[in-house]
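What follows is one structure encoded as structure tokens, with my remarks underneath.
In the text below, chain A, chain B and the rest are named by the order of the sequence lines, each starting its count at 1.
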Amino acid sequence: MTARVPRGFVDRDAADLRAQDAMLATIRRVYETYGFEPVETPIFEYTDALGKFLPDSDRPNEGVFSIEDDDEQWMSLRYDLTAPLARYVAENFETLPKPYRSYRAGYVFRNEKPGPGRFRQFMQFDADIVGAPNVSADAEMAMMMADTMEALGIERGQYVIRVNNRKVLDGVLEAIGLGGEENAGRRLTVLRAIDKLDKFSTAEVRLLLGEGRRDESGDFTPGAGLNERAIQQIVDDYIAAAMSEFVDGTNNHAIRQLKASAFGTNPKFHEGVEDLASIADFVGSAGYGPDRVKIDPSVVRGLEYYTGPVFEAELLFDVTNEKGEVVRFGSVGGGGRYDGLVSRFMSQPVPATGFSIGVSRLMTALKNLGRLKTSERTGPVVVTVMDRDRMADYQAMATLLRNALNDDPSLPPVPVEVFQGNPKQFGKQLQYADRRNAPVVVIQGGDEKAAGKVQVKDLALGKELSATITDNAEWREARAGQELVDEAELVEAVKRILARPLSEKG
RNA sequence: GCGGUUGUAGCUCAGCUGGUUAGAGCGUCGGAUUGUGGCUCCGAAGGUCGGUGGUUCGAACCCACUCAACCGUACCA
């Protein structure tokens, strides 16, 4: 039996969890300043509550983790936080204030092949407004996303919130003759091809719109099979606008370019561009330029359920990982308007917009950026055990210190513990303290006890001094960083050592 | 899912043309030191050689199948 974590899942250590806590607190604070309030839903939902948008509803374990309850109903682990929110809102519709602003963080699960930075369990942190029909709500979402990035220490210019509108894409598809139920499959292929713009060149996207593309491994991806004219139209008019630069420092140029395109006469397209113009106006007036919120027609997201504006938070910096490979993180979150999702459970239409941050992914990015508070927390003050039968005394010392060092609840805790391993070899106790990154150990053997004294040892200082000593006998004799004080001065002596600045401790 | 590459100790890897008992460094544990971390020295534990089958007098090495990991690609709510 070998111990192994299931594929696609990870264990997280103390440093990771503390960093995540700090990160969640930062995000939460931004959301709270926009008036959002927390809500939590369970990690399981009935499969049909999630099911409509599953790749294949007849196979409950495809894409999601599902189990059959004893009443023969299928339940699934949630694969995002949006569908459960829609269920929650529908179920509590009468009592919730509308528009309902809520946020929630939680693990979601996907039963699919894991990859680098892609796990089968990961955390999302969502915010949504349900019951707000206007694009001003979408604009607010985009701005809040930008604020969140900056609150996390990602500087302006290192991220961008890209905004598009599903209606614009629908208009394009309609204009090139891909409207109607019979073209649903080809519509998806076209949208996926456009979505590849950040990965492939225009020439390769062109192949995906037409016959298809063969990748370097020899694998062939069938294309949408569009005719040359339709391809030309998409590339010249649409993709050109997507790639356009912001000549005047605003989003107006992109909007103008879209309006002037061959698709401009399509009603759906026009409506979508008007929405984008409004969003550009709202965010622009609030001081969010295209360096933060950018109108970008290449954004394709949530093909199955978004109905209006869609957003994507993208990190723009490259990072060299521990293997020496250059990695671009790309998307760390996204969202959009999903006017059809809540109304699945209800007889009335309920507009909604929201977004989701991929916490695990963003955390990896921040770690690489060096923006994550990974500073190791100080270890415990360790009270060592010299005389096994004086355990009660050591416990009393620990209690005294624990209370004295933690009387201000607004400060981070100072852990204090009695060594609970086998005290037979004293060296092991110091080794333990060293590994726990303990700042101080307290030592009281028979000699000290008889004199009413106690030894207080500064481990960091001792480590510094050890550099100058090469002989072990001498090192042991030196008792580096150690101080003999009266029992009554224990607390003060420990506080003194804890207060020593880190720089003096190496 | 498709294609490619790689699987030897906890980790990083060596292992000759198929030839005896599969090695090293790091890490872990024990000791030198039963009242002192680090350094140093000594010692020990730790291996289904990814798995199964085959070829052979003999397989970590060759063959077939299979599993896993990595990379690309597809999918991604």
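- Residues passing the side chain to side chain contact (heavy atoms under 4.5 Å, CB included) test with A:Glu45, sequence neighbours excluded: A:Thr41, A:Pro42, A:Ala49, A:Leu50, A:Pro84, A:Arg87.
- Put simply, OH on A:Tyr306 is 14 Å from P on B:C76, counting in whole angstrom units.
- For A:Tyr100, the ring pair (Phe, Tyr, Trp, His ring centres under 6.0 Å) criterion is met by no residue, not counting sequence neighbours.
- Look at CZ on A:Arg214: it is 11 Å from C1' on B:C2, rounded to the nearest Å.
- Of the P atoms belonging to B:U12 and B:G27, the separation is 15 Å, rounded to the nearest Å.
- Within the structure, salt bridge (charged side-chain N to carboxylate O under 4.0 Å, His left out) pairs that include any residue of residues 101-112 of chain A comprise A:Arg101-A:Glu140, A:Arg104-A:Asp128, A:Glu112-A:Arg118 (at least two apart or interchain).
- Judged as a ring pair (Phe, Tyr, Trp, His ring centres under 6.0 Å), and not counting sequence neighbours, A:Phe44 has no contacts.
- Pairs engaging residues 455-485 of chain A under the ring-ring contact (aromatic ring centres under 6.0 Å, His included) rule: none recorded [sequence neighbours left out].
- The same atom, C1', is picked in B:A14 and in B:G25; the two are 11 Å apart, to the nearest Å.
- Taking atom CZ of A:Phe119 as the reference point, atom C1' of B:A77 lies 19 Å away to the nearest angstrom.
- Across B:G10 and B:C63, the matching C1' atoms stand 33 Å from one another, rounded to whole Å.
- One P atom belongs to B:C11, the other to B:G51, and the distance between them is 15 Å to the nearest Å.
- Distance A:Arg87 CZ to B:A77 C1': 17 Å, rounded to the nearest Å.
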Intra- and inter-strand pairs of RNA chain B in dot-bracket (Watson-Crick or G-U wobble, both distances under 3.5 Å; | for another strand): (((((((..((((.....[...)))).(((((.......))))).....(((((..]....))))))))))))....
Just by protein heavy atoms under 4.0 Å, how would nucleotides 29-38 of chain B read 5' to 3' in B, S and -? SSS-BSBBBB
Between A:Phe109 and A:Tyr79, is a ring pair (Phe, Tyr, Trp, His ring centres under 6.0 Å) present by the stated rule, with each step listed? CA-CA 5 Å; A:Phe109 303 84; A:Tyr79 56 80; over 10 Å; no
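- Remark: the separation of the P atoms in B:A22 and B:A59 is 13 Å, to the nearest Å.
- Atom P of B:G4 sits at a distance of 35 Å from the matching atom of B:G47, rounded to the whole Å.
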What pairs of donor and acceptor atoms, side-chain ones from residues 484-498 of chain A against any protein atom, are under 3.5 angstrom apart with sequence neighbours left out?
unit_1: A:Asp486; atom_1: OD1; unit_2: A:Lys453; atom_2: NZ; d: 2.7
unit_1: A:Glu487; atom_1: OE2; unit_2: A:Gln444; atom_2: NE2; d: 2.7
unit_1: A:Arg496; atom_1: NH2; unit_2: A:Glu483; atom_2: OE2; d: 3.1

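- Of the P atoms belonging to B:U21 and B:A60, the separation is 10 Å, rounded to the nearest Å.
- Residue A:Leu465 contributes atom CG, which lies 16 Å from atom P of B:C39 at whole-angstrom precision.
- Remark: the separation of the P atoms in B:A68 and B:A24 is 33 Å, to the nearest Å.
- Note: NZ (A:Lys196) to P (B:U73) measures 9 Å, nearest angstrom.
- Among the atoms of the strands shown, none is found under 4.0 Å from any heavy atom of A:Tyr338.
- Residues satisfying the side chain to side chain donor-acceptor pair (under 3.5 Å) test with A:Arg476, not counting sequence neighbours, are none.
- Using a 4.0 Å cut-off between a side-chain N of Lys or Arg and a carboxylate O of Asp or Glu, A:Lys268 and A:Asp170 do not qualify as a salt bridge.
- Distance A:Phe122 CZ to B:A77 P: 10 Å, rounded to the nearest Å.
- The phosphate of B:C75 (OP1 or OP2) has a side-chain N or O of A:Arg192 nearer than 4.0 angstrom.
- Taking CD1 of A:Ile231 as the start and CG of A:Leu207 as the end, the distance is 8.5 Å to the nearest 0.5 Å.
- In this entry the distance linking CZ of A:Arg120 with C1' of B:C76 reads 15 Å, nearest Å.
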